[in-house]
Each structure stands twice: as structure tokens, then as C-alpha cells.
**Q** 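What follows is a single structure, and I will ask about it in a moment.
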Amino acid sequence: MAASSESILDHIPLFAKELLAGGLAGGFAKTVVAPLERLKILFQTRRTEFRSAGLSGSVRRIAKTEGLLGFYRGNGASVARIIPYAGLHFMSYEEYRRLIMQAFPNVWKGPTLDLMAGSLSGGTAVLFTYPLDLIRTKLAYQVNYISAQKSNQFSSMTLVVFCDLQIVSPTKLNVSGMVNNEQVYRGIRDCLSKTYKEGGIRGLYRGVAPTLFGIFPYAGLKFYFYEEMKRRVPEDYKKSIMAKLTCGSVAGLLGQTFTYPLEVVRRQMQVQNLAASEEAELKGTMRSMVLIAQKQGWKTLFSGLSINYIKVVPSAAIGFTVYDTMKSYLRVPSRDEVD
């Protein structure tokens, strides 16, 4: 049986092993941090009732009104996106790394190689999977407010959230004295279909520009810091899980810090057609960043950053660690052997 397993693994192409390892790593890491991802999106997209409540207050609000599943709202779309995204990200990183080394065998050795390969792989993964990221954001953002009628008067507001698989009416509620409600999406396919009908291909790629601007430096820096830190780990600890977790967490933390405002711009562009707002439409990455800073304050560009710090540490650490572990399990040759 073991021999049969070895035979199967030996016949799997290298790129397929890297694709599988990356996809599993991304899906596992994303599910672990899904509650923090939901909170971060609500903070980024200006839900004042969450931002004013703070982190602990927002946790209590979601737990009280939506229950445990509320923390995983939109996670189905998130995992559906992250598996191909992470798979393509890690696989294309390895492929770009090999291609660059073949084209520039003497020039691109060292940390610059990881920086360039990581940046290119991030852009590649985004272009192929961006519509799913857009859908994930819309589903996570979707919170409908309805009024509870008591004694023929509107006396209280009830927070209602619909799970991804629950079928609900896609109508909009317009109750006097209430914030205009977002359209209710019944799930991933429903959201994807309606988004396409509203804006076509351009609608599915709304906000992709700041995403690309952000992913090039973030992905490059993330791989750069991770590989550079691994190089400095003593030989006796190179296979240690703790060493990989530490390198991954620091790499994700440093990479995210430099690019976070671009992520806020991207989120607001993705959901602005859902929000009831008379503010100017966000168009263009830099113009949108300036507009957000002017209208909402420069602190908005870092809204949710504290949550992101808490999220990105386990996410990057788990992602890199699971990826390296899966590569070892699938018997992917070491860098020295391939290089």
C-alpha cells in the first residue's frame, strides 16, 4: 500500500503538488481566522455601529444577534476563493522563481528573487480569483436592518443576518426613519449572478486596481521576509514547526503593515453600491485614498488594522507552515535540488 502511494505521488507533476499544497494551506488558514476577517470587513466598510462598539463590543453584538455562525458569514465564498487563490499564489511563486533563475542565473540570486517572484505570483492569483473576493466581501458586509412592530409602533430595531445558504427575498426594505437596506443575496451563486447583471465583467472586477497595487508589494514582501528569516534559522531548527510559525507570522505582519490603506480602499470600492451614501463615487486608487482621508479622516485608512494584526499573524503563520509541511508530505524537492 505504501509502495502504491509512493508510485502515485511520483507521477504527480511538480506544479500540481505545489498547487495542492498551497490550496490546502490557504483554505485551512482562512477558516481559522474567519471570525476576525468578518469583523475586519465590517470595520473597514464604515459600519459605525461596529466601529463605535470596538472589538469586544462588536464580538458581543454579533454573538447576540447572529450566533456562532455569524462569525463565519461569507466564509463559504472566502474559502471558495482562497483555495484556488492560495494554490495559484504558491504554485506561481515557485514557477516564477524557477523562470527568473533560468533567465537571470547570476543576477537574481538571493532575497531579490523572492521579492520579484512573490510580487508576480500575487498579481497572477488576484487576476484569476478576484470576482470571488468581491462576492466574499459583499456577503460579509450584508446586514439588513428591519424594524419590529410592537403595539402598531416601530419601537425597536432588530439586527437580522441571513446565512449564505438560507433563501431570502432579494427585495429592499424602506422603512421610514431607517438606513436604506442593502439587497439581500441568497448565497455565492446568487451574488455572483446579480453582480454580473448589474455591471458585467467590470462589475466583477470592481476594486481590482487597488488590490493589484496592494498585492504586488505585499506578496513580494511577505515571501521576501519569510524566506529571508528561514535562511537565518539555525540548521538544527529549520524543520521545527515553531520556527516556521514564527517566520510566517512576522513575514505576514511586516508585509501587511505597508499596504493596509490600499486594502481599505479596495473594500470600500467593493461595497459602495450597497451602502446608502450621498458621498462621491470612489474611482481610481489614489483619488479614492485621498477622498476617504478627506471625507472620513486619515484614520479610516487604518480602520480595522488592529484586528488585521491579530488575524494576519496566525493566518500567515499557518499558511506558510501548512504549505511547507504539505510539500514535505507530497515529496516536493527542496529548493537546493530544484535550483
**Q** Do F225 and V250 have side chains that approach each other closer than 4.5 Å (heavy atoms only, starting at C-beta)?
**A** no
**Q** Side-chain atoms of residues 18-27: list all donor-acceptor pairs with protein atoms under 3.5 Å, sequence neighbours left out, distances to 0.1 Å.
**A**
from, atom 1, to, atom 2, distance (Å)
E18, OE1, R98, NH2, 3.1
E18, OE2, R98, NH1, 3.2
E18, OE2, R98, NH2, 3.4

**Q** Less than 4.0 angstrom from a charged side-chain N to a carboxylate O is my criterion; do D324 and K238 meet it?
**A**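 Judged by the 4.0 Å cut-off on N to carboxylate O distance, D324 and K238 do not form a salt bridge.
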**Q** Are any of the side-chain heavy atoms of H89 and K222 separated by less than 4.5 Å?
**A** yes
**Q** Are any non-hydrogen side-chain atoms of K327 and E94 less than 4.5 angstrom apart?
**A**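 Contact flag for K327/E94 side chains = yes.
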**Q** Heavy-atom distance under 4.5 Å between the side chains of F128 and P84, does that happen here?
**A**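 No, side chains not in contact.
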**Q** Filter on salt bridge (Lys or Arg N to Asp or Glu O under 4.0 Å), then keep only pairs touching residues 246-256, sequence neighbours left out; what's left?
**A** none
**Q** What side-chain hydrogen bond (donor to acceptor under 3.5 Å, both in side chains) pairs are there with at least one residue in residues 241-250, not counting sequence neighbours?
**A** none
**Q** Sub-3.5 Å donor-acceptor pair from the side chain of Y205 to the main-chain atoms of L127, do we have one?
**A** yes
**Q** Parallel, tilted or perpendicular, judged at 30° and 60°: which one describes the rings of F320 and F90?
**A**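 Answer is perpendicular, since the angle exceeds 60°.
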**Q** I would like to know whether L254 and L221 meet side chain to side chain contact (heavy atoms under 4.5 Å, CB included); could you show each step before the answer?
**A** CA-CA 8 Å; L254 293 174; L221 288 170; over 6 Å; no
**Q** Angle between ring planes, F223 versus Y93, binned at 30° and 60°: parallel, tilted or perpendicular?
**A** parallel
**Q** T195: which residues meet the side-chain contact (heavy atoms from CB on, under 4.5 Å) condition with it, sequence neighbours left out?
**A**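 In terms of side-chain contact (heavy atoms from CB on, under 4.5 Å), with neighbours along the sequence ignored, T195 is linked to L134, I135, K138, C191, L204.
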**Q** Please enumerate all residues that pass salt bridge (Lys or Arg N to Asp or Glu O under 4.0 Å) together with R232, with sequence neighbours excluded.
**A** E228
**Q** Please enumerate all residues that pass side chain to side chain donor-acceptor pair (under 3.5 Å) together with S315, with sequence neighbours excluded.
**A** none
**Q** Check T321 against T325 and note the closest heavy-atom contact, atom names and distance.
**A**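 Shortest heavy-atom contact: O-OG1, 2.7 Å.
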**Q** Taking all atoms of both residues into account, what is the closest heavy-atom pair of L14 and P333, and its distance?
**A** CD1-CD, 3.7 Å
